[in-house]
Amino acid sequence: MQKSMRRYAPLFVLPALVCFTIAFLIPMIAGVTLSFFKFTTVLDGTFVGVENYKLAFINNEFATSLWFNVRFTIISVITINIGAFTLAMLLTRGLRGTNTFRTIFFMPNLIGGIVLGWIWQLIINGFLLPKGVTIVTDPKYGFWGLVVLMNWQNIGYMMVIYIAGIQNIPTELIEAARIDGAGNRTMLANVILPSIAPSITICTFLTLTSGFRLFDQNLALTAGDPGKQTEMLALNIFNTFYRRTGFEGVGQAKAVIFTILVALIALTQLTISRSREEEA
Amino acid sequence: MNRKQTDLAKRLVLNLFIIALALGMLYPILWLLGASFKPSNRIFTEVSIWPSVATLDNYREGWRGIGIVGFDTFFKNSFVICILSALANAIFCSLTAFAFARLKFKGKNLWFALMMITLMLPSHVTTIPRYIMFRRMGWINTFLPIVVPKFFATDAFFIFLLVQFIRGLPRDIDESATIDGCSKFGIYTRIIMPLTVPALITTLLFSFLWTWDDFFNQLLYLTSPNKYTVPMGLRLFLDSSGMSSWGPMFAMSVLSLIPAFILFFSLQKYFVRGIATTGIKG
């Protein structure tokens, strides 16, 4: 039996592994390699060492977009998670119409980022009209516009995860805590939050990575204006690669820096929250 | 009596609060719907959702498309790409997930970890090498770079989802099937696959929707308007000829939401279950 299992394993695994290697590992390695080359054409290049990495930081552009992106992501992660958790708590109390509300809150997630960006651009501009400005007048508007958009799109999705987490808490646990005289606040801090730790982990992880990956919404809402001040990392990399000839390698170097950064953040976050979950 | 009244008041406030939030959530969607019926020049100036003058011109003009390419072409392209992607993801991610969840092979943990890393890392670092690779293969301006990777089970999210699901199925069934002489492939086709149908539907749904909404990859690989997809077609309204036609763009945006909304409303429970599966510790 064991033997037949081993005999058949390659049938399932091999194609996937081969494909995985072709579709992911090779581009990954190629991606790192290319960041050390200057492209003469899109298909050809010469080795230039760390030149591209130096060029990536030669002006403030990349650093600005990095900082903008970090601030954006931190604020979005906090607001989305608090918002989604609050909604989940409200919608697990057996109120009338709970399902309808859940549906409504999830709906924005069905709309593509590019359309979302345009809708919000015009709505925000509509609100700014009396002041005689638009969303691209001041990077501040673009920043908060992106935060609002990101919240609007993701709160419903995260809410669904939190609802599943809350519904998974054994009722005996809650009843026992009630009998022991736990008030609402103690209940939240000592029973509910520790029990849904896995949901918090996954939601933080999802919002964190999508905050750093955001592209479509950024392009449609502000396109980086005014003067690249609201350009986030993905858009900055894209523009470096496609809009400036001779800078393809620099774009790739930025992508490598970006990847390392996201990997570090994601790993740190997972390690911290997993260890917290185990304590709980 | 008094307590009952405060309870009632509390519930009322809570309900009103949720209703207000829900209206806030709906506002942009309703705004979009309203804007699609407004004459282009009024979209910017009219704050109200309800159009003071309603017209179907946006829909007519939008459907005509850009240049010689009608908007139906964009829809057709999007459907082709999305249906192929969804089917490929469902079949190949489930095979891979079966291997990870049920078979023993060398370096399984390492490969699983690598697969999970792809879930975490932004795709940007592989974007350019992939672009170059597909260009060498002469695949630019075809659907191949978007669809073919899906046949190679490269969407780690769905593999993870299906692995989680298969792990939740009792092993006794496949053990007794093995004793009855069922081959591994038989176990997959006769037992595991039928049992994972809910997760497969989730996979189909999300692959369809995410491909439908994706803009970045299509922007990268499709270059001529007759290959454009819906999101790209929408963008044409905004930057062709400098004269942006926001009205037709919003009208076609409304149409582009219809498939997503139909899928969502008819298969809602699979959405919810799929999202919830990823949130539970495995």
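Excluded from the calculations below are hydrogen atoms, water molecules and symmetry mates; all remaining heavy atoms, backbone and side chain alike, are included. Lettering of chains follows the sequences in order, A, B, ..., and the numbering in each one begins at 1.
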Practice task
Look at the aromatic rings of F264(B) and F106(A) and report parallel, tilted or perpendicular, splitting at 30° and 60°.
Solution key: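 Plane angle under 30°, so parallel.
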
Which heavy atom of [X] sits nearest a heavy atom of [Y], and at what distance?
X: F215(B); Y: L219(A); value: CE2-CD2, 3.6 Å
X: M25(B); Y: W152(A); value: O-NE1, 2.9 Å
X: F265(B); Y: M107(A); value: CZ-SD, 3.7 Å

Is the shortest heavy-atom distance from the side chain of [X] to the side chain of [Y] under 4.5 Å?
X: F101(A); Y: I19(B); result: yes
X: L110(A); Y: L257(B); result: no
X: N99(A); Y: Q268(B); result: no

Go through the atoms of [X] and report whether side chain, backbone, both or neither lie under 4.5 Å from a heavy atom of chain B.
X: L87(A); answer: side chain
X: I111(A); answer: both
X: V115(A); answer: side chain

Handout entry: Between CG on residue N109(A) and CG on residue L209(B), distance to nearest 0.5 Å
Key =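 That separation rounds to 9.0 Å.
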
Completion exercise
Counting heavy-atom pairs under 4.5 angstrom with chain A, the leader among A260(B), S256(B), A22(B) is A22(B)

Problem - L263(B) portion near chain A, given a 4.5 angstrom heavy-atom threshold - result: neither

